[in-house]
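Below is one structure, written out as structure tokens, with a few remarks after it.
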Amino acid sequence: LTVAFNGPAATDVSSGSKDVELINFPTSAQAHLEVRSTVLAFTIGGGAVVADFTDIKITDTATGATIAGPLALTDAACVTVGATDTCTYSEIYNLSAGQARTFKVTADVRTAAGNNATIRPTLNAFVGATIRNLDNSTYLANTDIVPSSNVVGNTFTVKVPTLTMAVAATPVAQTFIQGSSIDAMGMTLTAGSGGDAKVNTIKVSGFVDPLANGGPTKGCGVEGGET
């Protein structure tokens, strides 16, 4: 049995995200194999708690079928030691001789997960006692499994969606002829890396000063808390 690492790269994920891909691992077998146990470890940090990550499952990337799970880090199958939760998946799946099969591990991120919470997945090394050769009904030797070490994934950081508003460079303060149609204000809205932002309403307030500089002066602004 040969196992490889195929990403994905470290990135930011939004709180409330579903089916975030944490690790992708291709496999290939030289005999008809039965995988009887798969162990994944998840190291959390940045203020994350075990309740932040749920619906953790192993999926066949070609078919979309769930191979093992789902589990949550709070489940009995997941044992916490320090900042690492080790989850044992007991579902059995097969690999045909000469077959290349790719799996991915996905998870849901709780909406209440804090900003900068992190999770890093690790596929623990398979051991011969959990992989059976169906051609001769024997278990693999540890030396028949490559690599013999854990496959360590990248760190994913939770970002809470944000929206930043600022006054645009234009238009600048000007004098206009009475009765003109003018651009009174420009603004920029920037969504943070935590996810897209949908603006439902923008509340604008204005004022008129009839005494300034001998003639009417008008201004406007945007009130906060209206997104």
Side-chain angles (χ1 to χ4, degrees), residues 1-27 35-61 66-93 101-131 140 142 145-162 191-197:
L1 173 66
T2 300
V3 181
F5 172 68
N6 190 35
T11 188
D12 294 339
V13 298
S14 300
S15 58
S17 295
K18 303 294 185 183
D19 294 328
V20 175
E21 184 173 344
L22 299 179
I23 190 169
N24 181 299
F25 58 99
T27 65
V35 181
R36 303 180 65 85
S37 177
T38 307
V39 180
L40 292 163
F42 302 92
T43 302
I44 61 175
V49 296
V50 291
D52 287 339
F53 305 100
T54 59
D55 194 37
I56 306 172
K57 56 184 177 286
I58 303 171
T59 303
D60 186 311
T61 61
T66 298
I67 302 304
L71 291 175
L73 297 185
T74 54
D75 289 346
C78 298
V79 178
T80 302
V81 178
T84 300
D85 294 86
T86 302
C87 302
T88 301
Y89 293 79
S90 57
E91 290 87 347
I92 296 174
Y93 53 96
R101 197 173 180 188
T102 301
F103 303 99
K104 65 179 180 180
V105 177
T106 61
D108 292 351
V109 182
R110 187 172 65 143
T111 302
N115 198 46
N116 294 321
T118 62
I119 184 170
R120 184 174 190 175
T122 297
L123 173 65
N124 283 9
F126 288 100
V127 295
T130 62
I131 300 179
L140 264 62
N142 288 344
I145 302 171
V146 180
S148 59
S149 58
N150 297 341
V151 177
V152 181
N154 293 307
T155 299
F156 296 84
T157 303
V158 177
K159 292 296 183 181
V160 175
T162 59
S193 61
D196 297 340

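This one's a predicted model, so the numbers in the text were calculated from it and none came from an experiment. Throughout, residue positions are numbered sequentially from 1 according to the sequence presented.
- The main-chain N or O of D19 is found under 3.5 Å from a side-chain atom of D108 such that the two form a donor-acceptor pair.
- For the pair F156 and L22, the minimum side-chain heavy-atom distance is below 4.5 Å.
- Here the straight-line distance linking atom OG1 of T61 with atom CG of N6 works out to 9.0 Å at 0.5 Å rounding.
- Inter-residue side-chain proximity for K57 and V105 is flagged as unmet; no heavy-atom pair is nearer than 4.5 Å.
- Residues Y89 and S37 fail the side-chain proximity criterion, which asks for heavy atoms closer than 4.5 Å.
- Residues meeting the salt bridge (Lys or Arg N to Asp or Glu O under 4.0 Å) test with R101, sequence neighbours left out: D60.
- In this structure a side-chain-to-backbone donor-acceptor pair under 3.5 Å is present from E91 to G69.
- Listed by chain and residue number, T84 satisfy the side chain to side chain donor-acceptor pair (under 3.5 Å) test with T43 (two or more places apart in sequence, or in another chain).
- Side-chain contact of K159 with N116: a donor-acceptor pair under 3.5 Å is present, judged by distance alone.
- Distance check, rounded to the nearest 0.5 Å: OG1 of T54 to CG of L71 gives 11.0 Å.
- In this structure, the side chains of F103 and T59 stay at 4.5 Å or more apart for every pair of heavy atoms.
- Between I56 and L73 the shortest side-chain heavy-atom distance falls below 4.5 Å.
- Using a 4.5 Å cut-off on side-chain heavy atoms (C-beta onward), I145 and L140 make contact.
- A distance-only check finds no donor-acceptor pair linking the side chain of S17 to the backbone of V109 [under 3.5 Å].
- Rounding to the nearest 0.5 Å gives a distance of 12.5 Å between CG of N154 and OG1 of T118.
- For the atom pair OG1 (T74) and CG (D52), the distance works out to 10.5 Å, reported to the nearest 0.5 Å.
- Between T106 atom OG1 and K18 atom NZ the span is 11.5 Å, to the nearest 0.5 Å.
- With hydrogens and angles ignored, the 3.5 Å screen pairs a side-chain donor or acceptor of N150 with a backbone N or O of A125.
- Here the side chains of V152 and R120 are in contact, with some heavy-atom distance below 4.5 Å.
- Residues T102 and T27 form no side-chain contact, since every pair of their non-hydrogen atoms from C-beta on lies 4.5 Å or further apart.
- The backbone N or O of G128 lies less than 3.5 Å from a partner atom in the side chain of N142, making a donor-acceptor pair.
- Atom CG of residue N124 and atom OG1 of residue T86 lie 6.0 Å apart, to the nearest 0.5 angstrom.
- Under the side chain to side chain donor-acceptor pair (under 3.5 Å) criterion, Y93 pairs with T38, not counting sequence neighbours.
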